[in-house]
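Just the heavy atoms: all of them, side chains too, but no hydrogens, waters or symmetry mates, feed the values below. Letters A, B, ... are given to chains in the order of the sequence lines, protein chains preceding strands, and every chain is numbered from 1.
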Amino acid sequence: MLDAKFVRAEPEKVRQGLIYKNADPALLDEFLRLDERRRALLVQVEQLKAERNARSEEIARMKREKKDVSAEIEQMRQVSQRIKELDAELDEIERNLTNVLMNIPNLPHETTPLCKDESGNKILRYEGEPRKFNFDPVPHWELATALDIIDFERGSKIAGSGFVLYKGLGAKLERALINWMLDVHTQEHGYTEVFPPFLVNRRAMTGTGQLPKFEFDMYHTDKDDDLFLDPTAEVPVTNIYMDEILDAKDLPIYLTAYTACFRREAGAAGKETRGLLRVHQFDKVELVKFCTPETSYDEHEKLLADAEDILRRLKLPYRVVLLCSGDISFAAAKCYDLELYAPGVDKWLEVSSCSNFEAFQARRANIRYRPEPGAKPEFVHTLNASGVALPRLVVSLLENYQREDGTVEVPEVLRPYVGTDLIA
RNA sequence: GGAGAGGUGGCUGAGUGGUCGAAAGCGGUCGCCUGCUAAGCGAUUGUACGGCGAUAAAGCCGUACCCCGGGUUCGAAUCCCGGCCUCUCCGCCA
């Protein structure tokens, strides 16, 4: 969330940000209204409490002197009653205030293009040569079904549409990609591997910004548990340091994690969701960074490079897109997308979002660091990138490496992991 | 799942319902001393919110916070209820 003090001091900056992020500026007005009301009430109730504290001490003193205190106690009873009423009102206002603030998105960074919709996105560059085919490349669902490495029908049978069953070399390819990506990030990019819980609590989901706004998109367990299936490793991994004060000398912290990810994707259906293009459960290797505010935009560029390295090593053609204000996520200030080309479906597929959240998540999750011993704790900046998401990577890989006979070559870097150079 | 114990400041750890934001120690910071990466001495050292201060800083004042949320009371770290978490024992289990 944003700093309440900042919102109060710079309402017009916030208003502009809301407009360019496609959020309702009425949120700001509501915040300002409640904030003012809150401060007025606070002054009132604090004065009464000061009186109560002083008079209570007085009563204690009088009692020691064996004086009669029944009149004072009767007066204070009324004061306490009044405090109780005002406290209740204040409590209600603060709940509303927090709720409003929690629904205000992060503001775009100055380098984020301002535009209300995706037409403002900027394609920064194309990397890798798209392959020239001397036959018509087929979509991955045909390849995978014919090779019997993915069983879409049986996946649906056991869990519903949007759930897939990997088989044989398909399952092994999935596992190989996960292991290989984790190895690259841990051994060559300096990340520490973590393996977090796949279910997370409400607090964690709020910390990274999925809640309260997007509860409907999440899988949720029984009310008794109030747990959510993680929609991305970003949630459990970023919240590792919730409510902690980190030591400046330990920053930056680089973490990488494999998790399965679960998304309801409510409302999505049709052509864009065929095969592996959009599924309810998928695998992903995630990169998460915690750093100081001064370094976060340098770290952001390095993060992008780390994610890109995976695509480069697989020799897949991709492009880098700088998202505009209207297309970046609720919590992000700046975001690059990596899109892989998939010749079978003839589409650019988003396989990584590489975001800088600045202090937006840290403020919600209360993740701070102490710049120097004895100094006041500050909020860290958090960043993350997919490094990368599996299903669309598999789509692009199968479709790019397909051969005319329907078999699929295994990219060189993966061969030790898959144990073969051809999926046949 | 059952039984018990416990959750206090950056850490360890005291705390009879009023003089407790909280003893003591450790750690941190500043200074002194010391010819040597030690020891000693002194001082200082929580956070949030709000008010005053020029919608700056210092500073001053107030309120709140001893796991979280309720309650009792003129007054709660302290008493009561609910929840969460940790530990020990038992049960169950991959």
Side-chain angles (χ1 to χ4, degrees), chain A residues 1-14 28 31-98 100-102 195 197-207 221-228 236 239-251 359 362-380:
Chain A
M1 64 186 165
L2 299 178
D3 182 357
K5 276 190 196 142
F6 173 78
V7 179
R8 197 182 296 146
E10 304 277 2
E12 285 320 303
K13 281 189 187 167
V14 175
L28 175 66
F31 172 88
L32 294 173
R33 190 182 69 78
L34 288 168
D35 185 56
E36 196 167 329
R37 179 81 187 117
R38 169 181 173 272
R39 278 186 295 165
L41 261 177
L42 199 57
V43 169
Q44 205 181 340
V45 76
E46 285 189 349
Q47 270 169 6
L48 284 175
K49 282 181 179 173
E51 182 188 347
R52 181 178 69 183
N53 287 344
R55 299 283 294 273
S56 283
E57 257 179 63
E58 179 75 9
I59 288 171
R61 198 177 53 75
M62 288 170 75
K63 268 192 151 172
R64 272 196 300 275
E65 293 168 2
K66 308 258 188 263
K67 290 184 182 165
D68 177 30
V69 293
S70 51
E72 279 71 17
I73 285 180
E74 181 49 40
Q75 278 181 22
M76 283 303 99
R77 186 170 302 167
Q78 288 171 23
V79 171
S80 279
Q81 184 55 35
R82 180 70 185 138
I83 288 173
K84 209 176 205 171
E85 289 163 14
L86 290 176
D87 262 343
E89 196 180 337
L90 192 59
D91 201 56
E92 161 110 27
I93 285 172
E94 288 188 338
R95 261 204 308 277
N96 291 339
L97 199 57
T98 303
V100 169
L101 202 54
M102 283 292 193
F195 201 120
F198 287 7
L199 275 77
V200 294
N201 60 30
R202 187 169 286 275
R203 174 82 204 284
M205 289 288 272
T206 307
T221 64
D222 284 346
K223 282 231 185 314
D224 288 348
D225 300 315
D226 201 24
L227 292 171
F228 296 83
N239 283 292
I240 286 174
Y241 297 112
M242 175 199 295
D243 291 328
E244 292 192 33
I245 298 174
L246 304 170
D247 204 324
K249 68 174 188 290
D250 295 331
L251 298 176
R363 199 171 284 114
R364 289 171 163 243
N366 193 26
I367 306 170
R368 295 176 293 171
Y369 77 105
R370 209 178 288 280
E372 287 168 41
K376 201 177 137 158
E378 308 270 355
F379 290 111
V380 299

Interatomic distance, Arg37(A) CZ vs G50(B) P [rounded to whole Å]: 16 Å
Residue whose closest nucleotide on RNA chain B lies nearer the 5' end, Ala9(A) versus Ile245(A): Ile245(A)
Pairwise C1' distance for C87(B) and G27(B), with rounding to whole Å: 26 Å
Would you give a per-nucleotide map of nucleotides 63-72 of chain B, 5' to 3', where B means the base has a protein non-hydrogen atom under 4.0 Å away, S means only the sugar-phosphate does, and - means neither? BS-------S
Taking any heavy-atom pair under 4.0 Å as a contact, classify Ile59(A): base, sugar-phosphate, or nothing. base
Would you indicate, yes or no, if U73(B) has its OP1 or OP2 atom less than 4.0 angstrom from a side-chain nitrogen or oxygen of Ser80(A)? no
Distance, C1' atom - from G6(B) to C67(B), rounded to whole angstrom: 11 Å
Is any side-chain N of the basic residue among Glu65(A) and Arg61(A) closer than 4.0 Å to the acidic one's carboxylate O? yes
Pair Glu89(A) + Arg37(A), salt bridge at N-O below 4.0 Å: yes
So does Lys5(A) get a side-chain nitrogen or oxygen closer than 4.0 Å to the phosphate oxygens (OP1/OP2) of U55(B)? no
Once you round it to whole Å, what is the distance between P of A48(B) and CG of Asp243(A)? 14 Å
Please report the interatomic distance CG(Asp35(A)) to CD1(Ile93(A)), rounded to the nearest 0.5 Å. 10.5 Å
Taking only the side-chain nitrogens and oxygens of Arg8(A), find out if one of them lies under 4.0 Å from OP1 or OP2 of G50(B). yes
Between Arg8(A) and Arg39(A), does a side chain to side chain contact (heavy atoms under 4.5 Å, CB included) hold up when you go through it step by step? CA-CA 12 Å; Arg8(A) 197 182 296 146; Arg39(A) 278 186 295 165; 3.7 Å; yes
With the side chain counted from C-beta on, respond yes when Phe379(A) and Asn366(A) share a heavy-atom pair under 4.5 Å apart, and no when they do not. yes
Spacing of the C1' atoms in A5(B) and G10(B) (rounded, Å): 26 Å
If the threshold is 4.0 Å, N to carboxylate O, is there a salt bridge linking Glu58(A) and Arg55(A)? no
State whether Arg77(A) places a side-chain N or O below 4.0 Å from either non-bridging phosphate oxygen (OP1 or OP2) of C74(B). yes
Span that lies between the P atom of G62(B) and that of G71(B), in whole angstrom: 27 Å
Between G82(B) and C61(B), how far apart are the C1' atoms? Round to whole Å, please. 37 Å
